[in-house]
Structure formats: structure tokens, C-alpha cells
Amino acid sequence: MELFFILLYMEDIEKAHSIFITKDTSENSSALYIVNVERNGKIIYTWKGNQRNTHIGLYDPQTKQNEHLYMFERDLRIISCSINNERTLLAVSFRQYTEEERVSQLLQSVSKYLTLLIEIHPINNVRVLKAVDSCVRVQFLYPVEGRNTSTESHLLLVSEDKYIEQFEIHVVAEEEQKVVIQNSGQLPRARVADDLIWAQWDMVEQRLFYMVPKESKSTLKCVQFYPDENFNSILESPLDVSVNDTQLKLVNFGYDYCEDQDVAAKSLNLQVFTSKAGGLCVCCSLASDSPDEITYSIYFLHKGYNKTFTVSLERTESHQLKEVAFINLDYYVAAYLPGQFLHLLNIQHPDLLCYSLFLTGEDARIGTLQNYSILSPLMSTVLDCHIGSMYAVSISESALLHLLQNSKRDSERLAALHCALLYFQHTEDLEMQIIWWISENLSTCHSFDPIQEFIIASLYCRMCPETHNLDKLLPYTSLLDWIGIIPGVTCATDIIPLPVLEFQNSKDFWKKLNSNLESVKYAEPHLHYHNDVLRREWRNLSEEREERPTTAYLRNIFENARKVLSHLDTWDSEERLVPLFQEEDFQQQLLMGLMVAQLKDHLMRHLQYVGRKKIDQIVLDYVANLLNLVHQIMKEVWRRYHLRSCIFCL
């Protein structure tokens, strides 16, 4: 059963784009190719129309509407294309002639590549930005969403000669709402980066990641572009990645399918992914010495280490085996080799293999996605560069539950359990099905306790969104020293230098990344709460109470328990068939009150800026939710096996 849902965007584009063209009967006359994805999610695509004219269109996935942007009255190979936020300017880069065509037609003096800036509101003047023999990519910057129409646009130009510059373009509105470029001479420009060997554009967050060589290794840098049109270098991180600096590799700067296939073997297969929780990963496919193995590395920069995986391939006779593709799923990074394996790695907790799900065979298929030039331009999105199609990708809840229920390996069960709770959050139906699975498989899980993992993981997913940095303090598993073994896979972990950040008053991602890096500096594993001390204290107090009268400390502990019980949700009469928390139980209340006291002390040490009142509420919510989960487990078992309340009265 396939783990992923996959939705093809191209079907919607193909349904609507035919209104712009008259199809002829020649083969592939109107084949669509996606050439760019803008920040607002709109997709720029191209196709060959009647008379082999080259058309450029814009598709909006939200409204499912298409817009015809421009037409060249000749057969061109579009390399890169971008439209500004106001849809008044179109930048296009294309190859005029191949080297063979230039020689055969005596066109040596004509440049091989042309980059144009076109006024399209309405279609009017065309300005040449570059006429060179090296390939050029273009990308408009987008202001913050909701901003009023601007008379100024900024365009990034990325050259195969290993530099990036920014053009500043002013426009004016003339009669009949015509918008034209104001600059009559040279457009103002600024240098953004030099000597780069690899670059990736993050269209959603308007970030430029790029790498420059440094001795035998390389350095990853990041430039952040801001709504006020300013930009600055914000990150620098050394990477132990051997690079071929003769071939520039560009990611998300347009998709030149023919060129990408020609140079794929020579260029660096590397992508940078970020997550909402401040995760920063560099995914890289490495050369392997053995034809029967494939190697890839994930640099978890926000954790200060990288993991290198070497996978033994099941079938090596296929000539199509090339490189691992990486897919950004926010909480997870997927390493995918069609026909071989699918590896899901949790970004926030990559240290434990219990969060890593490795699948082979039919379970590792992602729909019909079987080509080998795959990129992930947006979160939960895949672009097949071989055929120019884009897909929305998501994990299938039913397939994940099927894997949990049918797998015989503890490693797969544990990873599927955590993935289901984290990826889909805590839906009642999902939790009910997991509880049913636990009730039937409690004795078949040999290396972990499914009840304990379910409760701890569920609490973690429920509580962490409430307060910043809470995810670094609450437990997320009971298996801190559990080392699972994935058959056919070896893993090596190496400590790497932490990135250096340079920012002031930054928000959102950079603030969260900085918080993650600070946690690593102060020994993050020791920050997570665990109950070893709680158990010892509980046993000691249980024995002392039998010998001594109740002290003020114990009275405070029991007061904590009383607050938790009063904080619990009121259950209706049907749910009260499960006789929990209905009578005074000294041992239970002691344990409950102790957990409140110790968890509160733990959070006060690390969340002082939150305030005592907020921490008191977090702790009460945590322990009350824990009891609610215990009650929910009992309730579902009660219903499943049609038990009566008298059974537990003893």
C-alpha cells in the first residue's frame, strides 16, 4: 500500500490551457512544461502551439485559472522565466541556437543565449538584459503578501559565469492603464554573490542559499531579501562537501529539462530544506565506490551533526539508477530512489532511529512518480524535471495505519506510530485506531512499550505548539538509548560546526533556528524532562508516609493533585463506565502531585521569561492531558470488548 497521496497539477493546467492555442496534429505540439513557481504559488509554464510558436502561460492553483502571458513567433527553448508581483513585467531567458546551428548557419557572431525584459500590461516594449554565450536564469523578488501595487520591481539574474546580480526596475503608468519601464538607459544593478558553485532559491521566504569553494571544501551562505527591497548575508556554515567547481548547479531558478539531464552527472545533487520549527537541513547525494550501494548525507545544521546513510540496493541491473531525490515534508525529509527505497527522516528529532521510517518494495512507491530527476520546489511538492510536471505530495493516513497494523518489525511500527501522531496531529479517529492496534499487539512489541510511547508522543504533539521552546523541554519518547537497526542500511554520525548567524530583530524562522542552535550549545539532551527522579522520590515518599505524619511538603503535593483532578474535563455518564479517578487513591495522587511539582521546577529553570502563572497552566494541562489519555485508552478498550464497570471495582 503506497504511503503517499500524489496530486498532479498538470491535469488542471492541461484542461484550461487549450483555450489559448489551436492544437495541430504533430506529435507533442502542445506538450506542457513547467518552467518556474513563484512565491504566490502560481506556476509559469510553456508549450508549443500552432506553427511551432512558443507560448508562456500562468496557472493559479487556488482559482484553477490560466492566463496567457506572451507568445514568441518561433520555436524556442525557454530556460528560465519569471513574472513580477503586479504581472506587468515578464523576464525570459532562452537559447537562440545550439552550437551546431550557429556553425551550420554561419552565426558565430550571434549570442547563444538571450535574456529579455518584456512589458506585458499590455504587451509592449522588449528590452535585452543579456546577450551572451553563457546560460542565464531570472527571478523576480516578491514583496510581502498583501502589499499595495508597487512602481518598483527587483529582478535577480543568475549567470553560468558564477555570479548573481540584482536589477532595479522602475515603471510608470501611462494613459489607458499602460505600464512601461521608466529607465531609458542602463538599469541600476547590485552584485549579490560571486564565485558560487551552487545556488538555490527559496521563493516562499525570499532567501538565496549558495555555496562557494573554500580550499578543498565549501561554505554554505544565505542572503535574506526583505520587503523594503534590502538584502543582507545572514548565515554562513562550513560544509565537508567535495564539489566539482567547474559546473554550476542551480535549484529553483527555472527548470531547463534538456540542460539539466545533460549536466546531472557532473553537478552537485544538493538541496536545502527548512521547517516551520526552525530546522535547517542540507541533503546531498554522494558518489559511491560500489555499484551495489548508494550513499546520501543529511546535514542537520540546527543540531550540529550530519548522518550519512549507505543503502544496499536490491536490484542493481537497472541502467536507470541515478541519484537520490529529496522531498520536503516540513516535519520530515524524504530520501527517495524510485524502485528501491523511501526513507522518511524526522527533522526535529533525527538523533533517534525510532523517528526514521525506511521502506522498500511497493510501500516505497510514490504514485506514478518513477523518473529520476526530481526536485521539491515547495513544501509537500515535487517537480519531475524529466517530463516537466509538478505534483502535490502528502503522507496517506490510511497507508500509515496499514503499515503500523501489518508490519512485523518493531522499528517500522515505532516509526509509523510517531509519524502518525506528529504528521496528522491528534485526531480522535486516528487515536482510536492506534489504541485498538495497541490493545491487540501489546505482547508482540519486544523492544518498546506501545502504551508508553503513545502517551508520551501524544502529549508532546498536543502541548508543544502552545509555547515557544517547549518542544526542547518535554519528553518526546521513552527510548532515549534505543538503537534500532534497519536491514541493509548503515548509518554514520559526524559532529559538524554550528552555522554562524548574523541578524538583528529577526522573527519567525531565523529566531527559531537561533533558538535551536542555542539549545545545542547548552547540551540539549539534558534539557528534556524525564521521570527517573520522579520514580525515586515517589517510592521514598510512599515509604515515609507509612512511618511519619503528613508534612507541609506532602500537603502541597496532594494540593497539586487536587488541582489536576479539578482541571480534568467532565465526562458524561456513559464515559463514567470506566471507573478511574472516582475514589481517593494515595499512591496515584502522590505520583500526580509529584509530577506537577517536578515538571514545574524543570520548566521554571528554562522558561523564566514565560512567567510563573503561564508555567502553572502548562503543567496542569500536561498532567491533565496525560490522565485524559489514560482514560481514553481505557474507554476505547471498554467499548471494543464490551466490558462492564463492575470488572474493575475490585
Side-chain angles (χ1 to χ4, degrees), residues 197-198 200 209 211 213-220 237-244 249 251 264-265 267-275 279-314 316 321-329 331-338 340-360 364 372 374-376 411 415 481-499 516-517 520 524-525:
I197 52 177
W198 171 93
Q200 175 179 318
F209 292 98
M211 289 175 60
K214 191 171 183 179
E215 297 175 354
S216 61
K217 300 179 183 178
S218 54
T219 299
L220 175 71
S237 180
L239 286 182
D240 187 12
V241 176
S242 299
V243 294
N244 176 8
K249 175 65 177 289
V251 180
S267 57
L268 185 63
N269 177 22
L270 184 145
Q271 276 192 274
V272 173
F273 293 144
T274 61
S275 71
L280 177 60
C281 297
V282 177
C283 306
C284 182
S285 180
L286 307 174
S288 177
D289 296 331
S290 171
D292 300 328
E293 295 179 341
I294 197 160
T295 303
Y296 53 96
S297 281
I298 314 290
Y299 291 79
F300 300 99
L301 298 185
H302 59 293
K303 294 290 186 180
Y305 57 80
N306 82 304
K307 287 183 175 290
T308 300
F309 298 92
T310 301
V311 181
S312 299
L313 301 177
E314 295 180 357
T316 58
L321 286 177
K322 291 186 178 178
E323 292 179 326
V324 176
F326 301 104
I327 304 170
N328 184 5
L329 298 169
Y331 292 113
Y332 286 85
V333 164
Y336 179 50
L337 186 63
Q340 290 288 337
F341 65 83
L342 173 66
H343 192 181
L344 282 178
L345 295 110
N346 184 285
I347 290 178
Q348 208 57 19
H349 300 294
D351 49 327
L352 295 179
L353 288 179
C354 66
Y355 270 88
S356 179
L357 184 59
F358 189 88
L359 301 173
T360 58
Y372 299 88
I374 299 170
L375 288 175
S376 185
S411 58
D481 57 351
W482 188 80
I483 302 176
I485 297 176
I486 303 174
V489 181
T490 59
C491 175
T493 303
D494 296 299
I495 304 299
I496 59 175
L498 293 177
N516 286 333
L517 296 177
V520 174
E524 182 188 2

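Nothing fancy with the numbering, it's 1 onward along the sequence.
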Checking Val333 against Ile327 for the side-chain contact (heavy atoms from CB on, under 4.5 Å) test, could you report, in this order, the C-alpha distance in whole Å, the side-chain angles of both residues, the deciding distance, and whether it holds?
CA-CA 6 Å; Val333 164; Ile327 304 170; over 6 Å; no
Do Leu270 and Met211 pass the side-chain contact (heavy atoms from CB on, under 4.5 Å) test, and can you show the C-alpha distance, the side-chain angles, and the key distance before you say yes or no?
CA-CA 10 Å; Leu270 184 145; Met211 289 175 60; 3.9 Å; yes
For Phe209 and Thr274, run side-chain contact (heavy atoms from CB on, under 4.5 Å): C-alpha distance rounded to whole Å, both residues' side-chain angles, the deciding distance at 0.1 Å, then the answer.
CA-CA 11 Å; Phe209 292 98; Thr274 61; 4.3 Å; yes
Derivation and outcome, side-chain contact (heavy atoms from CB on, under 4.5 Å), residues His302 and Ile347:
CA-CA 9 Å; His302 59 293; Ile347 290 178; 3.7 Å; yes
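Across all their heavy atoms, Val241 and Ser218 have their closest contact at O-OG, 3.4 Å. Nearest heavy-atom pair across Leu286 and Ser297 is CD1-OG, 3.4 Å. Annotation for Ser356 and Ala415: closest pair O-CB, 3.4 Å, computed over non-hydrogen atoms. The two residues Asn516 and Gln348 make their nearest non-hydrogen contact at OD1-NE2, 3.7 Å. Among all heavy-atom pairs drawn from Phe358 and Val489, the shortest one is CZ-CG2, 3.6 Å. The two residues Asn269 and Val324 come nearest to each other via the heavy atoms ND2-O, 2.9 Å.
With values rounded to the nearest 0.5 angstrom, Ile496 atom CD1 is found 5.0 Å from Leu301 atom CG. Here CD1 of Ile298 is found 4.0 Å from SG of Cys283. Values are rounded to the nearest 0.5 Å. A distance of 7.0 Å separates CG of Leu359 from CG of Leu344, quoted to the nearest 0.5 Å. Rounding to the nearest 0.5 Å places SG of Cys281 at 10.0 Å from NZ of Lys303. With rounding to the nearest 0.5 angstrom, the CG atom of Leu329 is 11.0 Å from the CG atom of Leu345. The distance from the CG atom of Leu239 to the NZ atom of Lys217 is 10.0 Å, given to the nearest 0.5 Å.
When atom types are taken as modelled, the side chain of Tyr332 and the backbone of His343 share no donor-acceptor pair closer than 3.5 angstrom. Side-chain atoms of Ser237 do not come within 3.5 Å of backbone N or O of Leu220 as any donor-acceptor pair. Judged by distance alone, the side chain of Lys249 and the main-chain N or O of Gln200 form no donor-acceptor pair under 3.5 Å.
Side chains of Leu375 and Val251 form a contact here, defined as non-hydrogen atoms less than 4.5 Å apart. Residues Tyr299 and Val272 have side chains not in contact (no heavy-atom distance under 4.5 Å, counting atoms from C-beta outward).
Partners of Phe273 by ring pair (Phe, Tyr, Trp, His ring centres under 6.0 Å), not counting sequence neighbours: none found. Listed by chain and number, the residues in a ring pair (Phe, Tyr, Trp, His ring centres under 6.0 Å) with Tyr296 are Phe309, Phe341 (sequence neighbours excluded).
A donor-acceptor pair shorter than 3.5 Å can be found between the side chains of Lys307 and Thr493.
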